[in-house]
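Quick note: residue numbers are just sequence positions, from 1.
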Amino acid sequence: MYQSHIFIPTRSTPATDEPSKNGKLLQQAGFVDKLHAGVYSWLPLGLRVLNRVSAIVREELNQHGAVEILMPALQPKSLWDETGRWEKLKEIMYQWEDGSRHHVGLASTHEEVIVDLMRRADLTYRDIPQSMYQFQWKFRNEPRAKSGVLRGREFLMKDQYSFHASAEDLATYYTGMQAVYLNIYKRLGLDAHVVEASGGTFTKRHSHEFQVFNPAGEDRLLRCEKGDYIQNTELGTPTVCPTCGGTMVEEKSIEVGNIFNFGDYYGTTMRCTFTDQLGKRQPLFVASYGIGITRLVGTIAEVLADEKGLVWPSNVAPFYGHALLVGKVDDALRKRAEAFEASMPENILLDDRDVSPGYKLKDADLIGIPFRIIFSARQGEHVEVTERATGTTEVLTVDQARAKLSAL
Ligand code: ATP
Ligand code: MG
């Protein structure tokens with residue numbers, strides 16, 4: 001893709017109205033644009049990263065047997081009244097009365113909608129278990145939307161719901177999902193830990209959070225200095241590690257996922273049942289599984305960025321290679337660079353703009369594509385390839401450079 005054709009509004013200085021590092025950098029590098037607090041446009045580069053993160057999550061979930069759906073964001077109050085959550089979540093949920101006197105709200109989560117869907121399906125034991133997920137924008141009136149895309153008032157979540165005949169069947173699937181989640185984070189280049197936490201709006205049961213230690217996080221965890229035990233501060237404060245006796249230290253972390261075992265809560269409260277082998281109606285056992293997709297993009301930015309700008313791992317980078325045409329550009333040089341771009345147009349961004357080399361280099365560092373490939377008359381038939389993360393530079397033939405990107 002040609003840089004002159006794609007909208008990348010980089011800025012020479014960081015956004016002044018953004019206190020967070022991810023918010024500052026993602027805006028300065030032209031990935032997102034803030035409309036108002038906690039609400040962002042995802043520009044071409046940002047959307048490419050968001051889609052690549054979603055694709056990894058989708059691939060892992062499909063492999064685990066979950067199936068994708070899409071549910072409405074505009075939801076009726078009547079459904080939320082069944083669990084009392086219309087009232088309970090009124091501070092955070094956008095709720096209003098429409099022109100026809102219907103009370104509606106924007107989805108902050110989707111348990112009520114999917115449980116209603118499943119109870120109307122008249123399920124039998126042959127139809128379960130079921131596990132369905134969606135990528136859907138959630139709306140929450142977050143009181144402190146100061147963390148860039150880590151905490152949006154409008155944000156993309158992968159939310160998933162599984163339905164089971166028994167607590168045991170649910171427990172097995174729930175444990176399997178923990179492994180799926182850890183694998184997803186690993187593929188995204190993040191070191192995530194499973195941590196037990198409190199159960200959410202109603203359940204006394206614990207939930208499990210997936211946490212990435214980072215100073216930008218809003219959660220506080222106690223971590224054993226020896227690294228074999230982690231606990232959320234909301235569940236109490238041990239000073240010594242219960243497993244090895246080591247000292248516990250408090251650290252900030254980002255919650256990148258949260259899963260909840262609701263047991264038969266929804267099955268009984270919303271009368272979501274199935275017919276068992278003996279022909280009796282029994283409550284379904286329900287769990288939900290969330291991952292903040294936009295938050296993940298912010299987390300990768302926070303964790304990997306350096307003083308020059310963003311640094312994307314190749315798995316989620318908007319492009320693999322950033323080709324820069326610099327210095328005096330004659331026809332032959334331009335043709336070589338264009339042929340390079342044409343060989344992998346989806347994975348190479350070619351900076352063909354009529355601006356100075358210094359300007360191009362600065363933008364390339366800020367944008368953070370894994371490899372920078374310089375086409376200049378000085379290099380003759382060769383190109384200079386620099387890895388963004390390490391700064392390592394090699395002089396290669398164009399074919400060698402292409403092979404390097406193809407291997408990613
Ligand atoms: P938090 O404790 O950070 O407010 P939560 O516990 O309310 O999050 P869930 O309702 O469990 O979050 O949502 C599932 C996932 O969605 C979270 O683990 C997080 O990764 C992401 N998420 C939650 N709220 C936001 C938000 N305001 N902006 C971006 N991502 C969010
Ligand atoms: Mg939480």
Distance alone, cut at 3.5 Å: any donor-acceptor contact between the side chains of [X] and [Y]?
X	Y	result
Asn62	Tyr133	yes
Thr269	Glu82	no
Gln3	Asp352	no
Arg220	Thr233	no
Glu384	Thr393	no
Glu18	Gln27	yes

Under 3.5 Å donor-acceptor, [X] side chain and [Y] backbone:
X	Y	value
Arg153	Ala37	yes
Asp306	Gly309	yes
Arg388	Val311	no
Gln400	Thr397	yes
Arg52	Ser314	yes
Lys34	Asp17	yes
Asp276	Gly279	yes
Gln28	Arg11	yes
Lys360	Arg353	yes
Ser147	Leu150	no

- Query: Should Glu196 and Asn232 be marked as a side chain to side chain donor-acceptor pair (under 3.5 Å) after you check the CA-CA gap, both sets of side-chain angles, and the distance that decides it?
  - Reply: CA-CA 7 Å; Glu196 214 171 279; Asn232 200 312; over 6 Å; no

Can you measure from [atom1] ([X]) to [atom2] ([Y]) and round to the nearest 0.5 angstrom?
X	Y	atom1	atom2	result
Leu310	Leu366	CG	CG	6.5 Å
Arg223	Glu250	CZ	CD	13.0 Å
Leu325	Phe340	CG	CZ	11.0 Å
Ser131	Tyr161	OG	OH	11.0 Å
Arg187	Ile56	CZ	CD1	5.0 Å
Leu350	Ile6	CG	CD1	12.0 Å

- Query: After noting the C-alpha distance and the side-chain angles of Tyr320 and Phe371, does the key distance pass the side chain to side chain contact (heavy atoms under 4.5 Å, CB included) rule?
  - Reply: CA-CA 6 Å; Tyr320 292 156; Phe371 287 98; 5.9 Å; no

Closest heavy-atom contact between [X] and [Y]?
X	Y	answer
Lys24	Pro19	NZ-O, 3.7 Å
Ile293	Leu50	CG2-CD1, 3.7 Å
Pro283	Thr268	CB-CG2, 4.0 Å
Thr386	Gly391	CG2-O, 3.7 Å
Glu111	Ser288	OE2-OG, 3.0 Å

- Check step by step if salt bridge (Lys or Arg N to Asp or Glu O under 4.0 Å) holds for Glu381 and Arg336. CA-CA 9 Å; Glu381 299 282 315; Arg336 270 209 304 284; 3.7 Å; yes

- Candidate list Leu361, Ile373, Asp363, test side-chain contact (heavy atoms from CB on, under 4.5 Å), partner Leu324, passing option: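 Of all the options given, the one that passes is Leu361.
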
- Residue from Ile254, Asp191, Ile230 passing side-chain contact (heavy atoms from CB on, under 4.5 Å) with Phe213: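 Of the listed residues Ile254, Asp191, Ile230, the side-chain contact (heavy atoms from CB on, under 4.5 Å) partner of Phe213 is Ile230.
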
- Residue pair Lys90, Glu87: steps toward the salt bridge (Lys or Arg N to Asp or Glu O under 4.0 Å) verdict: CA-CA 5 Å; Lys90 68 169 190 257; Glu87 195 52 34; 2.5 Å; yes

Heavy atoms, side chains only, cut-off 4.5 Å: are [X] and [Y] in contact?
X	Y	answer
Leu156	Trp137	yes
Val297	Phe31	no
Phe210	Val194	yes
Leu222	Tyr229	no
Ser41	Leu43	yes
Met248	Cys224	yes
Cys272	Val286	no
Ser20	Glu302	yes

- Candidates Lys158, Gln160, His110 - the one meeting side chain to side chain donor-acceptor pair (under 3.5 Å) with Gln134: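 Considering Lys158, Gln160, His110, a side chain to side chain donor-acceptor pair (under 3.5 Å) with Gln134 is found only for His110.
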
- Query: Trp80 and side chain to side chain donor-acceptor pair (under 3.5 Å): which partner among Glu112, Gln75, Gln95?
  - Reply: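 Between Trp80 and the candidates, side chain to side chain donor-acceptor pair (under 3.5 Å) is satisfied uniquely by Gln75.
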
- Message: Run Leu188 and Ile300 through side chain to side chain contact (heavy atoms under 4.5 Å, CB included) and show every step you take.
- Response: CA-CA 8 Å; Leu188 298 173; Ile300 297 167; 4.3 Å; yes

- Item | Test: Arg295 cationic atom under 6.0 Å from Phe155 six-membered ring centre, within 45° of axis |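 No, Arg295 does not sit over the ring of Phe155.
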
- Message: Go through it in stages, so that I can follow the logic: the residues are Ile69 and Ile114, the test is side chain to side chain contact (heavy atoms under 4.5 Å, CB included), and I'd like the CA-CA distance, side-chain angles, deciding distance and then a yes or no.
- Response: CA-CA 10 Å; Ile69 57 170; Ile114 197 161; 4.0 Å; yes

- Report the residue from Tyr289, Tyr174, Tyr181 that forms a ring-ring contact (aromatic ring centres under 6.0 Å, His included) with His208.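 Exactly one candidate clears the test, Tyr174.
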
- Message: What I want to find out is whether Asp365 reaches Lys362 closely enough, with some N-O distance under 4.0 Å, to be called a salt bridge.
- Response: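 Looking at Asp365 and Lys362, the cut-off is not met.
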
- Do other residues, nucleotides or ligands put more than 12 heavy atoms under 6.0 Å from the CG atom of Asp98?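 Yes, enclosed.
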
- Message: If you count heavy atoms of other groups shown closer than 6.0 angstrom to CZ of Arg281, is the number above 12?
- Response: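 Count over threshold, so yes.
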
- side chain to side chain contact (heavy atoms under 4.5 Å, CB included) evaluation trace for Tyr185 with Val212: CA-CA 9 Å; Tyr185 301 124; Val212 172; 5.8 Å; no

- Whether His103 and Trp86 hold their rings parallel, tilted or perpendicular, with breakpoints at 30° and 60°: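 Ring orientation, 0 to 90° scale: perpendicular.
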
- What is the ring orientation for Tyr173 with His164, classed by angle as parallel under 30°, tilted 30 to 60°, or perpendicular over 60°?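 Taking His164 first and then Tyr173, their aromatic rings sit tilted (interplane angle of 30° to 60°).
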
